[in-house]
Every structure is written in structure tokens, then in C-alpha cells.
Amino acid sequence: MNEFHLGINLLAILPEIGLVLLAIAILALDLYWPESRRRNIAYVAAVGLAFLATLPVIFSPDMIRNIDPEAFGNGLLWGGMVRYDMLSQIFKVMVLIAAALTSLMAIDVKGVGRKGEFYLIVVVSTLGMTLMSGAADLIMAFVALETTSIPLYILAAFKRDDNKSAESGLKYFLYGSFASGLMLYGLSLLYGFTGHTNLYSLAQFLNTETFASNPLPALGAMALVVVGFGFKVSAVPFHFWTPDVYEGAPTPVTAFLSVASKAASFALLARFFVAVFPESVVIGEQGLQTFWVQLAAVLSVISMTLGNVIALAQRNIKRLLAYSSIAQAGYTLMGVAAIQANTVDGQSQAVAAIAFYMFMYVFTNLLAFAVVILFSEATGSETIADLAGLSRRNPMLALAMTIGLLSLGGVPPAAGFFGKFFLFKSAVESGMVWLALVGVINAIIALYYYLVVIKVMYVDRSEDENKPIPVSRPYVWVLGVTTVAVIALGTFAAQPIFIWAVESAKSLFAA
Amino acid sequence: MSVDIEVYIALSAILFILGAMGVLVRRNAILVFMSVELMLNAANLALVAFSRLWGGAEGHLFVFFVMTVAAAEVAVGLALIVAIFRSKQSIDIDELHQMEG
């Protein structure tokens, strides 16, 4: 065992330490501040989270490696529990930004915004997500997953006197704990087959004669793990909880769980499958990677198609965004399938395409949800038809929603265009032209229902047109930041960020 | 007297399948939840058995974490079930259909 270097180990979990301190601070302020000042807790949470989002970039593992290569080793720290590499840092930044924006978005929501515990639970869930991004051990992966999920069950049911919210919480909890039970059994089998829990040493112990001749046990374990991840990213056929939970949960919670939990899950998914089931492990005359790559391709096709087709029929805007998010998971799974590329460059591009897609999705979806929150808080309605005349009630809000929806649909100059472009490109380059074609067809279907919402906002008339929708200062910030980010990621920032992501993704494939 | 590892794994597999069937078949939220706990404990049994087989401590460690997580899940889960019961006077999951589409 190597010598333990405390400094470098602490640097690896600096954002996590910060999150724990922030959680304690929020808890104390909630006790100490009178009711009238509790609104400020949202600002404390948002500023704290935004500050923590800078740490993974400032203390980048590349820099630390240059300072002390020996102590850094291969980046596996805390006894191999977490891996300190650039890819994990990117995903940490994503979930921290998402949590900061969510805190601001919740500030004026009735029954949520003035309760300190809301921000506390968001911060704890974010802690789980940051750990998920870097988890390099079965134990850490499971604990991080649950640290993410259990607070999310509470958040979904946060308005517990509201029937819909309580129902969505219970549904999320029952399906979620079922999925984690299945996944845990898969993890226990993986430990049983190898006697190791570190993701990076599992593969070499799976690579034995016994599994080469009898592929069933390894495939069974893989299938159980796929179910767990499929649930977390809401891929069809593990998506059935998504629409109900998204519709019933308080809208800021929906926003948070649609972006942050999905991004963290994709981070862990990519690391887990690349490390544990590589092409070099041969079972039943085929590399293990072939199995999950094809599975990802199939899940991608059915998620995209089903998500987009059912979304066409939705009347509730949150439900529409739920099905849209299932479809987005489908697009992103295309990147997972593209990991089959046979060069490290190609594989890194596939992983970078996933990271870029999630990065732009954080801003895009939060932008759309911020508008939904403002609209439903002002009018009490979540029906698409009621959005009629929004362009006359608040032109800026309608414009922001339009940018968000165009980005979700993949129209330039919004960020979604480059997100899809990188994914389709990596799918084509890895030899899955048919998959990219299915993706293009789906993008066209999806454009229809996004354009319908835009049409309702701009063309349809309503009797309430003379009632403007107020936008308070924190929401101006949220809308401003997300809109600027969406436009920037769709224009000049796309190329540099993608190149940076490709460089970072290489750390996933380095031993 | 020592028992073969296969026996433990077979028992854990049976418990796991019973748990999974329970989740899929039962309609009472508490019973569904108990079935989930059964699945977690089936995994625990497998982990302990494997840990003995390999002679390492990782499996035992894993079990401690799973038990902690399961306890947290119980706390949250029962609270959610109580919240539903207060509003509906029923915890039949087939009656959870406020939202459709």
C-alpha cells in the first residue's frame, strides 16, 4: 500500500467537504434566523454552491499531478474509493451549478422557498452526486447513489399536504428503492465473482477461464446493474416513474432531478462500464464491451422514439418536459453506445459528447423549468394551452422559453444543436450510422412538439393578456445566466469546451 | 461443521427472487417496501458469504453500508407512506393515480 498523503486526498474531496460545511451552515441559519429572514437562506445556498462549483476547476487534478506526481499516483485516492480525474471534476461542476441555480429557482415557490430544510436536502443530494461523479469502488458507487436518491425522494414529496406531491414521492421511492435493490444484487455478484470492490481491479479478475466458457453469471450481474442505471437516467423501459414524478413533484425539484441526477448518473455509468466491463474481458467468445454497447444502442433507440412520440400527446408542460427528458436520455445513451469506437480518441470523443450534452442540458432544461415555475406561480396553471399569449404578458419570459425549447430541439444557435451534433458525430465515427439516423429522425419529431409550445406562446390569444407575469430579481439572474450559457455553448464556447472535455475524457481510459 | 458457499448463494438468490416477486405482485405499499428490504438483505447475505469465501473484509464493510442505507430508506419510506395514508386513508398503490397520461 502506498503512503497516505493527506493533503492530496483532501484536495480530491474538497467540494464534498465544502458541501458538508454548507449543509451545517444552512441548518444553523434555519434555526437562528426568524421566519422573515429565511428567504435569505436560498441566497446563502446558491452563493455557496456557486463558489464550490469553481473548486473542481481551480484544483484540477492535472495541476496537482504536475506538482507531486508520486503522491498523485494513478489518481485513485482514499484507498481507491474515489478517482481524482478531470472527467469527474467536469461532472462535479455540472451538478454544483445545477444545485445553485435550483436554489435560486426555489426562492419564491410557495410551500418550498422559505423552508431552510429544502436547501439542506438539495445540498445533501448534491453531495451524493459529486461523490457519484468520482466513485471508483462498488461500495462508494452504491453509497453515493443512495445519498443522491434518498434526499430526492423527500424532495419529490416536499409539499406533503399536496396529494400529487406526496404521491409522486411515494412512487419515486418505491420504484427507486426497487431499482437500487436490483443493482445492489448485481454489485454483490460482481464482488462475489472477483473478491474485489475496486472498479479498476474488477475487470482483470473477471478475465478468467471460468467466465470465458460460462458467460451467464457475468451477464446476469451486468443486466442487474444496467437496470439500476436505466432507472436513474430514466431510459425506456425503466422510465415509467418519470412522468408522474416530474408532474407531481414541486417544479424546482423536477428541474433539479431532471438535470443533476441524470448528469451524475451518466458520469458513474460511463466510468463503471468502461472500467468493469472492457473489451479485453472475453466471455462466450466476445468482449464484454460488445454486450453493453449494443444494449445501450437498443435502449437509446427505444427511449428516443417512445419519449418523443408520447410527448406529442401531452397537455401538461411538466409532463411534456418529462417525456422530452426521457428522449434526451435516449440521445445521450447514443454516446454510451459510441464508446465501442476502436481508438482511444474515438472513445474519448464519445464520452466527451456525453459530458457536453449533459453540460448544455443542465442550462437548457433549467431555463425551461425556470419559466414554468414563474408561469405556474403567477397563474397556478401548468397546462400548455394556458401559455397562450405569454409573449404579450411578458415578452422576455416567452423569449427565454423559446430559446430553451429550441435548444432542447437542437436548433442552432442554441446549445442543443452542438450537443446533438457531437453525439451523432461520435455515433457515426464508431460505425453506428443507423443509430445516428434514428437520432436525426427523432430530433425532427421532437421539434414538432417544441414548436407547438412556441406557437401557443406567440400566436394563440388569451383573455388574460393584460395580466403581466412578474419576474423577481433572483429569477432574472437564473434566466440571465442560463440564457447566456445556452447561447454561448451554442456558438463560440462549443468548440473549446468540447476539446477540453475530450482531453478530460482521456483520463477515463488511461490505466 | 461448515456449509458450502453454494448453499448460501442459493438461499440468497431465493430470497432475492421472493423479494422481487413481492414488489411486482403486492399492492400494499408497506408490503412492497418489505419486499424491497428482503432484496437488500438477500444481497447482504450474498456479500457476507462471498466475503468469507475470499477471506477479505470488503464484503463485510459493504454490508455495514447497506444496512445504514436501508435504515435511512426505512425512515424516509415510512414517512412517505404515512403522508399518503393521511390524505387518502389507504396505502393501496393501485389507488395512486392522481396523474395520468
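Throughout, a chain's letter reflects where its sequence line sits, starting with A, and its residues are numbered from 1. Every heavy atom of this structure was used, including side-chain atoms; hydrogens, water molecules and symmetry mates were not.
The OG atom of A:S180 lies 6.5 Å from the CG atom of B:L40; values are rounded to the nearest 0.5 Å. Interatomic distance, CG of A:L170 versus NZ of B:K88, reported as 10.0 Å (0.5 Å rounding). Rounding to the nearest 0.5 angstrom, the gap separating the CD atom in B:E73 from the OH atom in A:Y153 is 5.5 Å. Rounding to the nearest 0.5 Å gives a distance of 8.5 Å between CG of A:L187 and CG of B:L47.
Of the listed residues (B:I81, B:V66, B:L53), the greatest number of heavy-atom pairs within a distance under 4.5 Å of chain A belongs to B:V66. Of the listed residues B:A79, B:G77, B:A70, B:A83, the one with more heavy-atom pairs under 4.5 angstrom with chain A than any other is B:G77. Across A:D161, A:I154, A:V143, A:L182, the residue that shares the most heavy-atom pairs under 4.5 angstrom with chain B is A:L182. The choice from B:G55, B:S12, B:A20 that makes the most heavy-atom pairs within less than 4.5 Å of chain A is B:S12. Among B:A49, B:S51, B:G19, B:A75, the residue with the largest count of heavy-atom pairs under 4.5 Å with chain A is B:S51. Highest contact tally toward chain B, considering only A:A313, A:G176, A:S149, A:G181, is held by A:G181 [criterion: heavy-atom pairs under 4.5 Å].
In this structure, the portions of B:A13 lying under 4.5 Å from any heavy atom of chain A include both its backbone and its side chain. For chain A, the nearby part of B:L24 is the side chain; its heavy atoms alone come within less than 4.5 Å. Only the side chain of B:V36 comes within less than 4.5 Å of a heavy atom of chain A; its backbone N, CA, C and O stay farther away. Contacts between B:V63 and chain A at a heavy-atom distance below 4.5 Å are absent for every atom of the residue. Looking at A:E167, the atoms closer than 4.5 Å to chain B (heavy atoms on both sides) sit in the backbone and in the side chain alike. For B:F62, the parts sitting under 4.5 Å from any heavy atom of chain A are the backbone and the side chain alike. Neither the backbone nor the side chain of B:T68 comes within contact range of chain A, judged by heavy atoms closer than 4.5 Å. Using a 4.5 Å cut-off between heavy atoms, B:I93 contacts chain A through its side chain alone, with no backbone atom that close. Heavy atoms closer than 4.5 Å to chain A are found nowhere in B:S35, neither backbone nor side chain.
Summarising the local packing, CZ of B:F65 is surrounded by 12 or fewer heavy atoms from other residues, nucleotides or ligands at distances under 6.0 Å. More than 12 heavy atoms of other shown residues, nucleotides or ligands fall within 6.0 angstrom of atom CZ in B:R27. Heavy atoms from other residues, nucleotides or ligands lying under 6.0 Å from CZ of A:F240 number more than 12.
What you find for B:A46 and A:Y185 is that their closest heavy atoms are CB-CE1, 4.4 Å. Smallest separation of non-hydrogen atoms from A:L174 and B:A29: CD2-O, 4.3 Å. Scanning all heavy atoms of the two residues, the minimum distance from B:E58 to A:I139 falls at O-CD1, 3.9 Å. Of all the heavy atoms in A:I150 and B:A72, the pair that sits closest is CD1-CB, 3.8 Å.
Relative orientation of the A:Y191 and B:F50 rings is perpendicular, given thresholds of 30° and 60° on the angle between their planes.
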- side-chain contact (heavy atoms from CB on, under 4.5 Å) assessment of A:S177 paired with B:E37: CA-CA 9 Å; A:S177 52; B:E37 291 296 308; over 6 Å; no
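Side chain of B:W54 to backbone of A:G192: a donor-acceptor contact under 3.5 angstrom is found.
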